[in-house]
There are 2 protein chains.
Amino acid sequence: MPRKITLKQIAKELDVSVSTVSKSLKDSPEISLDTKEKVKAFAKLYNYKPNNIALSLKNRKTKTIGIIIPEIVHHFFTTVIQGIEHVANEKGYNVIICLSNNSFDKEVLNLEFLANGSTDGFIMSIAKETQQKEDYHHIKEVINQGMPVVMFDRVIDEVICDKVVISDKHGAFEAVQYLIDHHCKKIAIISTVDYVSVGKLRTEGYKDALITNDMEIDQDLILKIEDVDHSEEKIEEFLKNKNVDGIFAVNEQFAVNAIKVLKKLHKKVPEDVSVIGFTDGVVSKSFIPSLSTVNQHGEEMGAKAANLLIDRLENEAEEQSFQTTVLDTSLIIRDSVKK
Amino acid sequence: MPRKITLKQIAKELDVSVSTVSKSLKDSPEISLDTKEKVKAFAKLYNYKPNNIALSLKNRKTKTIGIIIPEIVHHFFTTVIQGIEHVANEKGYNVIICLSNNSFDKEVLNLEFLANGSTDGFIMSIAKETQQKEDYHHIKEVINQGMPVVMFDRVIDEVICDKVVISDKHGAFEAVQYLIDHHCKKIAIISTVDYVSVGKLRTEGYKDALITNDMEIDQDLILKIEDVDHSEEKIEEFLKNKNVDGIFAVNEQFAVNAIKVLKKLHKKVPEDVSVIGFTDGVVSKSFIPSLSTVNQHGEEMGAKAANLLIDRLENEAEEQSFQTTVLDTSLIIRDSVKK
DNA sequence: AACCTTAACTCTAACGTTTTCGTGTTGAAA
DNA sequence: TTTCAACACGAAAACGTTAGAGTTAAGGTT
């Protein structure tokens, strides 16, 4: 097992100094053509590649950006990652992905690990547990240490940094408005508990749409689900004795489960009830009926976040003020709604 | 922006040497209690954390394992990652994920980047394009340089290293056997082109099952799809004039599309046709009818791969021979088949 | 002959750590 | 008084790389 070759070894073999080797490989004019060619040939033969770790240490730059996300088994996040990857690779950056599994402790650990030299900056979406605890000291700390951070999707007002979000409220508004425009009179929302920022915002959008159309907000039509794993039962209980004709769900899973429950209750989608979800995942397209959703444009979001971060990394001199980019959503109409 | 504090800075502040600081923080008996406490207090105050890059360089170990996978928008891979993460974190390793996007070039780039000091070893599943090109020099090279590599799922016989696979053939066999046992007489398979190793193996399992049960292999019942994006049309064309009563699909997408096509052709699932897919993804559970599948146990696979790799990393002295672990699949019976 | 230029290298410091090997100061035993 | 541990600390090298500041020898200028 021949370990990777280093400049030192090449230098020894060719009986020159390390700096000569280094300069030769960089095509420095200080070195004679003869020597340069000899070195280059040797380096190629042994497939020399500079050690990134050493470079990082020397340059105090890793050319790597860290992504910390709550979970990966989630189509939205994977599309965001695609977007980040794309931009990052184009600009010569590599990407490290770490999972917090929605755990506060793991998020802290990940952040610490990556902040200690492994990356130049972060793109992150916060863990559910962190949002619940409202403890953001770890994020503030890395920012204080001079690490640029870009937050996306689940963002925190208290933390001052660049952010990329979608107009959750407006997306929800549009969805509900569509339902209203298409003759729904009694529209329910299936949302998450309020500490999940996006759930809260989407609920606000729902309410806004009702108010704008002079409809009443009926607390009985608002379901907030804590435990995703048992959402189907909760939804069944919720829908059992309500004669709703429209449902807006704040994520894909809730929408799918709602349709399942409706089938069980012998209601037809979309004839009796129209359903719109949030997040355009794999399930939405395949489901029967295919699901109308609010598209979050994850890839675009990732791209924007990466651009913001790299911008900041490469222009550290000028202190630009932080910005929050709001991306538009778009409504994808499929078969789960009346048209 | 106070950059991260270093040993040197602490040393200067406290007017001691760098080594004293380092030793103090490691609680070395060489240092007086007095000094140690002073240093520790100071370090804590300024939240000193050793720089990973420097440590990696010094120790020639990164305590990081690299994962290279073809795509992330794929539930199976995300579960594998979960499994790897879990084991790795438990054993004090971090995880870097890189995407090849099924491109050969990107796979080479990723491998080179990660091999140059960023990780101690790899866990990878090969890009489709690489399998097609049958060019594995990049992988052989990193192995030659002393990097342990564990391959999973899509593995290559020519590359000698630890491997973790599922019994694709046997999983397919069981699925088809189930169909046969439940009165299917004319069973079709929807597979991928042969250069994708798993597609080939699963097709073999399908054939084996037929042969074992004295049924004929009818090439007309075998569909091989190249382009996933237009699979639905291909499947429709394929199924149009065939009176099959059982379908085995080598992935989730094909299974779902098959059911859609069947509905369009006014066949009922499972009454008229039983369908079994491969990979237990998000869609399978939610789909109506819920999809019977061959479960690949991704998490287990990831865990096994991580264990193999870490074992090799921590026992570099003893040259163990390479092993291929074959994990069992299991059949999950849901509503898409007759029972 | 004394000086300068230039080509072609080499040396050194630096990035942040750890660790081995000094080294100077005590206090005590001989 | 000399000698020697023990103690508490510092200096230096090493990991692999790069870049600026030397160094050397050959040749050219005055």
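Values reported hereafter were calculated over all heavy atoms of this structure, with side chains retained and with hydrogens, waters and symmetry mates removed. The chains referred to below are lettered A, B, ... by the order of the sequence lines, with proteins before strands, and numbering in each begins at 1.
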Distance-only polar pair, side chains of A/Glu107 and A/His138, donor-acceptor under 3.5 Å:
yes
Using a 6.0 Å cut-off, check whether atom CZ of B/Phe104 has over 12 heavy atoms from anything other than its own residue.
yes
Mind running side chain to side chain contact (heavy atoms under 4.5 Å, CB included) on A/Lys40 and A/Leu25 for me, showing each step along the way?
CA-CA 6 Å; A/Lys40 280 186 196 167; A/Leu25 294 174; 4.2 Å; yes
Looking just at side-chain N and O atoms, do B/Thr35 and B/Ser32 make a donor-acceptor pair shorter than 3.5 Å?
yes
Result for side chain to side chain donor-acceptor pair (under 3.5 Å) between A/Asp162 and one of A/Lys304, A/Gln320, A/Arg312 points to A/Arg312
Applying side chain to side chain contact (heavy atoms under 4.5 Å, CB included) to A/Val149 and A/Met151, what does each step give before you reach the verdict?
CA-CA 6 Å; A/Val149 172; A/Met151 301 184 74; 4.2 Å; yes
Under 3.5 Å donor-acceptor pairs involving side-chain atoms of residues 117-127 of chain B, not counting sequence neighbours:
residue	atom	partner	partner atom	Å
B/Thr119	OG1	B/Leu114	O	3.1
B/Asp120	OD1	B/Thr62	N	2.7
B/Asp120	OD1	B/Thr62	OG1	2.8
B/Asp120	OD2	B/Thr62	N	3.2
B/Asp120	OD2	B/Lys63	N	2.8
B/Ser125	OG	B/Phe152	O	3.3

Using a cut-off of 4.0 Å between protein heavy atoms and nucleotide atoms, how would you tag nucleotides 15-23 of chain C 5' to 3' with B, S and -?
BBBBBBB--
Separation of D/dG16 P from B/Lys61 NZ (nearest whole Å):
15 Å
How about B/Ser17 and B/Thr20: does a side-chain donor come under 3.5 Å of a side-chain acceptor?
yes
Regarding B/Asn116 and A/Lys4, do their side chains bring together a donor and an acceptor under 3.5 Å, going by distance alone?
yes
Bend angle of the helix from C/dA1-D/dT30 to C/dA30-D/dT1, end axes from five pairs each (to 10°)
100°
Which atom pairs link the protein and nucleotides 25-28 of chain C when you take only N or O atoms and keep those under 3.5 Å?
none

Please tell me if A/Ser32 has a side-chain N or O lying less than 4.0 Å from either OP1 or OP2 of C/dC9.
yes
Around B/Asp27, counting heavy atoms of other residues, nucleotides and ligands shown, do more than 12 lie under 6.0 Å from its CG?
yes
In residues 34-42 of chain B, which ones come under 4.0 Å of DNA chain D, going by heavy atoms?
B/Thr35
Is A/Glu85 paired with B/Lys106 through a side-chain N to carboxylate O contact shorter than 4.0 Å?
yes
Going by the rule side chain to side chain contact (heavy atoms under 4.5 Å, CB included), which residues pair with B/Glu13 if we only count those two or more places apart in sequence or in a different chain?
B/Phe42
Does the side chain of A/Asn47 come under 3.5 Å of the side chain of B/Glu141 through a donor N or O and an acceptor N or O?
yes
